[in-house]
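Residues: numbered from 1 along the sequence shown.
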Amino acid sequence: NYRWQDTPSAAINRAQNMSLSVSTSTTDQISVSSEILEPETPSSMDSLDVDHHLYTESSVVDDDPTGNLGKTAFDELGTIEDQAGMITQILIPVVITMSIVVFIVKSVNYRWQDTLSQAMMYSESASDSGIDKFFGSLLNAGLFVGMIILVTCIFVLLYKYRCLKIIFGWLILSTGLMLGLFGGYMFYELLDAWNLHIDWITFGVLLWNFAVVGIISVFWVAPIKVNQGYLISVSVILAVVFTRLPEWTTWSILAAIAIYDLFAVLCPKGPLRVLVETAVERDEPIPALIYNASILIMMASSSSSEEEQGRGVKLGLGDFIFYSVLVGRASMFDMLTVFTSFIGIVTGLFLTILLLAVWKKALPALPISIFLGMIFYFLSRAILLSFVTTLALAGIII
């Protein structure tokens, strides 16, 4: 990019007197330094002199059915614009997931409401007393969290002893069942709710292609937008299924899973922390369902590669799922509680990212967002809704 202002002969002499030093880094980048370059003029290679491992999946410390927000390239992003872009890339898929869940719940979930009650240890009934519902929901939440702990421990053991074929087989099978079985049932309910007709052959072909393409996109290769779209689809399907839980059980599970997420990530022997430390020690990614926000770090280059598209902030699908469960449950009461719960979740997510930038260590993404969302929901249900209703009846607009 430097232009010589001399004559051709002078340029040739200048080039012959040039002393070049070439060094190859671990990323196959070559930096050339010349005595004729002015010291205050940085070269484009200098601006690219970054550690490649800072932006690979080894920086991610998150996975589990609960999901966690792990270490990212946050401490390497020095400008406010970069950090704002990172927050935006996290917020967009979360908002999309929650919006789709609310739409589906408002469309078809009233006929599903509390249909999973019979599958729980405590079957919640409207005639039960508040005490019975409280302790019964705690029993259901304890069993739910216990199942997650068991599954996580099995996953950690398999990963620690490098049983990767079993892990990938497990993930592929579960993803296929979610997309094919639960996704097909949800698709059928949507067609029924909207009074749309389709023959069984076409329905089966669409469902087969949806599931197979989803497995290929998640576990093999696909455009980044297609991969992200299927990860959002998995989150939506599971979130809609969990909204079929009884009301008291749903709130107890959300609170319990947020507390478990806190200890699993921060405790020295927590299962998620052990999983993260093992992955960092091996310098390899965790084989799991993780959403890649794809923040492209372009230090002095206007072109992007497939490798760069894989870098960025990553968020476990468990965060998407339980955020959406909270908002979906709130939509069964009133749209006002949906908006207030959404504000609480987004505020908690921003606070988590802020703490991540300050502490520069692995942090769970569920506790702050879940508890703020629940607080906003119950306060708006008890106080704000009656206030807004009174203003609306009186014709007062604020």
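- Note that CD1 of I370 and CG of L262 are 12.5 Å apart. Values are rounded to the nearest 0.5 Å.
- The hydrophobic cluster containing L191 also contains V241, counting ILVMFWY residues as joined when their side-chain heavy atoms lie under 4.5 angstrom apart, directly or transitively.
- Interatomic distance, CZ of F155 versus SG of C163, reported as 11.5 Å (0.5 Å rounding).
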Exercise. Go through the steps to decide whether F322 and D261 satisfy the test side chain to side chain contact (heavy atoms under 4.5 Å, CB included), and finish with yes or no.
Key: CA-CA 12 Å; F322 289 106; D261 197 29; over 6 Å; no
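- Within the 4.5 Å cutoff, side-chain heavy atoms of F210 are placed close to those of Y230.
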Practice problem: I would like to know whether L363 and W359 meet side chain to side chain contact (heavy atoms under 4.5 Å, CB included); could you show each step before the answer? | Solution: CA-CA 9 Å; L363 293 176; W359 289 349; 3.7 Å; yes
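- Two rings, from Y260 and F144, have their centers 6.0 Å or more apart.
- Rounding to the nearest 0.5 Å places OG of S174 at 12.5 Å from CG of L181.
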Quiz item: What's the verdict on salt bridge (Lys or Arg N to Asp or Glu O under 4.0 Å) for R381 and E247, showing C-alpha distance, side-chain angles and the deciding distance?
Solution: CA-CA 14 Å; R381 179 172 177 172; E247 182 178 8; 2.9 Å; yes
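- Going from atom OG1 of T175 over to atom CZ of F168 covers 11.0 Å, rounded to the nearest 0.5 Å.
- At most 12 heavy atoms of other shown residues, nucleotides or ligands fall within 6.0 angstrom of atom CZ in F182.
- No side-chain heavy atom of V101 sits less than 4.5 Å from a side-chain heavy atom of V327.
- In this structure, OG on S99 lies 11.0 Å from CD1 on I104, to the nearest 0.5 angstrom.
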Practice problem: Show the numbers, then the answer: is there a side chain to side chain contact (heavy atoms under 4.5 Å, CB included) between F371 and I259? | Solution: CA-CA 10 Å; F371 284 120; I259 296 173; 3.8 Å; yes
Self-check item: Candidate pair T202 and D199, rule side-chain hydrogen bond (donor to acceptor under 3.5 Å, both in side chains), full reasoning
Solution: CA-CA 6 Å; T202 304; D199 61 274; 2.8 Å; yes
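- F320 places none of its side-chain heavy atoms less than 4.5 Å from the side chain of V234.
- L138 and L326 sit in two unconnected hydrophobic clusters of ILVMFWY residues. Membership requires side-chain heavy atoms under 4.5 Å apart, directly or through other members.
- Looking at every heavy atom in both residues, T97 comes nearest to S324 through CG2-OG, 3.1 Å.
- Between Y188 and F203, the ring planes are perpendicular. Angles over 60° get that label, and only those under 30° would be called parallel.
- Taking OG1 of T250 as the reference point, atom CE of M374 lies at 10.0 Å (rounded to 0.5 Å).
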Quiz item: What do the steps show when you test L379 against L384 for side chain to side chain contact (heavy atoms under 4.5 Å, CB included), and what is the final call?
Solution: CA-CA 7 Å; L379 287 179; L384 185 59; over 6 Å; no
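- In I396, the CD1 atom is crowded: over 12 heavy atoms of neighbouring residues, nucleotides or ligands sit closer than 6.0 Å.
- Note: the hydrophobic cluster containing L231 does not contain I216 (ILVMFWY, side chain heavy atoms under 4.5 Å, direct or indirect links).
- Between the S217 side chain and the V213 main chain, a donor and an acceptor come within less than 3.5 Å of each other.
- In terms of hydrophobic clustering, with Ile, Leu, Val, Met, Phe, Trp and Tyr side chains grouped at heavy-atom distances under 4.5 Å, I201 and Y185 are assigned to different clusters.
- Inter-residue side-chain proximity for H197 and N195 is flagged as met; some heavy-atom pair is nearer than 4.5 Å.
- Under a 3.5 Å cut-off, the side chain of N209 and the backbone N or O of V205 do form a donor-acceptor pair.
- Of the residues listed (I383, T390, L391), the one engaging F387 in a side-chain contact (heavy atoms from CB on, under 4.5 Å) is L391, and it is the only one.
- Side-chain contact between L355 and I368 is present, with at least one heavy-atom pair separated by less than 4.5 Å.
- Judged by distance alone, the side chain of S137 and the main-chain N or O of T249 form no donor-acceptor pair under 3.5 Å.
- Checking S129 against D132 by side-chain atom types alone, a donor-acceptor pair falls below 3.5 Å.
- I198 has its side chain within reach of L206: a pair of non-hydrogen atoms, C-beta onward, lies under 4.5 Å apart.
- You'll find the side chain of W170 stays beyond 4.5 Å of the side chain of K165, heavy atoms only.
- Looking at S331, its side chain does come within 3.5 Å of a backbone N or O of G328 through a donor-acceptor pair.
- Under the 4.5 Å side-chain heavy-atom criterion for grouping Ile, Leu, Val, Met, Phe, Trp and Tyr, V145 is not connected to F134 through any hydrophobic cluster.
- Under 3.5 Å, the side chains of D334 and T337 contain no donor-acceptor pair of N or O atoms.
- With contacts defined as side-chain heavy-atom distances shorter than 4.5 Å, the pair L372/L351 qualifies.
- Remark: the backbone N or O of R329 is not paired with any side-chain donor or acceptor of Y377 at under 3.5 angstrom.
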